[in-house]
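Have a look at the structure below, then the notes.
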Amino acid sequence: MLSRGKHGPMEQPSAVGLDFDPRRPWIATLALFTIVVLFAATFAHGFKLAAEKFLGLISGESGPVAAAHAVPRIEVGVIVTAAVMVAALLGRWSHAQWADRLGVEAVAASARGEDRKISVCGSAIRIIGTWLVTAAMTSIGREAAIIEGSGAFGSALGRKTGGRGDALAAAGIAAGFAAAYHAPIAAIFYLDEHLNVRRSKRGMLFTIAGAIAGHVFSTRVLGGHPVFPTRRSATTSAIAAGAVIALVPATLGARLFIEARVRLAPKTVAERFATRPLMVVAILAIFAGASVAVFRDAAGNGMEALRTSASTATVGLAIALAVGKLVGTTAALASGAPGGALTPTLSVAAGFALLATFGLTAIGMKPSNPWEITIAAMAVGLAVGLRSPLMAIVMVPELVGDYSLIPVIAAVVAVAWLIDRQIDRVLVREGQWLPDGIHDEDG
């Protein structure tokens, strides 16, 4: 809390560790926390439903993959290309106006208690851009917008009501993440491990409370459920066997994806082609559109395609996830279109693992069921592609709705982490930089 000392305001620890005006009773803090959690969870659900409603209007199908198959390829390419171009211009303009005051990295800094004011207007423009590409079947993740929007709302509300905004920003991010992925424990690890909110005890307190409250409200009131509702008879022994096949290809696929999206970040592309920005945006948008037109199963954030792999995995689906998703998402993000890479990372890793599976089948071997291999590959993807092994251990079991998978997933993640660190050592020896840190698409 803030109290007035001899030379003006000074920070004093409070009994409950909250950074709010001492004149405001604790009931007001609880009310603000509740508002942020309700907003974050509702926003997560509303964002998805609004995009699905729009897809239904233009194609008759609510899912992006189904919509991409229902619309002629040329139209798919044109729609995606146009949406990416508009979203990229919105994203680049908002970044030019507010620079370090928007994005996942900025709301993470706010949640850690750093003196980083968030531009609600800038975040709103980026969210509109993300919704546009999401509703247009683009191969991109939508959850980064949910994380940024929820964090920005919490941060702004906290500042407007007498605090710094860090506690409410943390609560908003955690609640939005938990509602979007049906993953409350993973939400806590996401803020603790990936966003480094552990630096703030207050932030971690509100992170835990926000994740739990957001999950409860999402499941009990809004009808939230696991992203993959059934296990499809997956067993720990089958997943362990699948991991033998998935480990190396999934690690390489996830590593290739993070290297591509970080090295081709919008800022880097803008610096290299400063004299022809519109042409570069147009070319990247065409690549993003072509990837979905050619590989229709690469449409959307990847979750619909992964659900399909649980029952009917095909070589075409594997190629779409490994190649179409990697190219399409990288191109869309590099153009400056705001969006996320977490769910596409799951898809790319799974695609590489499924390709290895079909390769083994072609030479006469009989690998595990593709769904068990996909589960193992998704865990590897999170550990390597987001560089967040602890989050990966709990998030995949939460996505499939079964915490009993944690031990086997932990073993898979541990081996993938060791392989990834060996790649790091090779790159360091060659003088290459590593794709560490927090990026705006890390959601």
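All values derive from a computational prediction rather than experimental measurement.
In this structure, the ring pair (Phe, Tyr, Trp, His ring centres under 6.0 Å) partners of Phe153, at least two apart in sequence or on a different chain, are Phe39. Scored by the side chain to side chain donor-acceptor pair (under 3.5 Å) test, Arg112 finds Glu114 as partners (sequence neighbours excluded). Qualifying ring pair (Phe, Tyr, Trp, His ring centres under 6.0 Å) partners for His439, counting only residues two or more places apart in sequence or in other chains: none. For Ser291, there are no side chain to side chain donor-acceptor pair (under 3.5 Å) partners two or more places apart in sequence or in a different chain. Residues satisfying the side chain to side chain donor-acceptor pair (under 3.5 Å) test with Arg296, not counting sequence neighbours, are none. For Glu75, the side-chain contact (heavy atoms from CB on, under 4.5 Å) test picks out Val71, Pro72, with sequence neighbours left out.
Each of Ser150, Ser123, Ser110 was compared with Ser155 under the side-chain hydrogen bond (donor to acceptor under 3.5 Å, both in side chains) criterion, and only Ser110 meets it. With Val227 as reference, Arg307 is the one residue of Glu398, Met395, Arg307 to meet the side-chain contact (heavy atoms from CB on, under 4.5 Å) rule.
With respect to the salt-bridge test (charged N to carboxylate O, under 4.0 angstrom), the residues Arg116 and Asp166 do not qualify. Salt bridge annotation for Asp440-Arg261: absent, with no cationic side-chain nitrogen under 4.0 angstrom from a carboxylate oxygen.
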Please report the C-alpha distance between Phe177 and Leu195 in whole Å, then the side-chain angles of each, then the deciding distance to 0.1 Å, and finally whether the side-chain contact (heavy atoms from CB on, under 4.5 Å) criterion is met.
CA-CA 12 Å; Phe177 190 103; Leu195 302 187; over 6 Å; no
Walk me through whether Val380 and Phe352 qualify under side-chain contact (heavy atoms from CB on, under 4.5 Å).
CA-CA 11 Å; Val380 172; Phe352 272 79; over 6 Å; no
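The backbone N or O of Val133 lies less than 3.5 Å from a partner atom in the side chain of Thr138, making a donor-acceptor pair. A donor-acceptor pair is defined here as one N or O able to donate and one able to accept, closer than 3.5 Å; such a pair exists between the side chain of Ser139 and the backbone of Ala298. Between the side chain of Thr268 and the backbone N or O of Leu264, no donor-acceptor pair lies under 3.5 Å.
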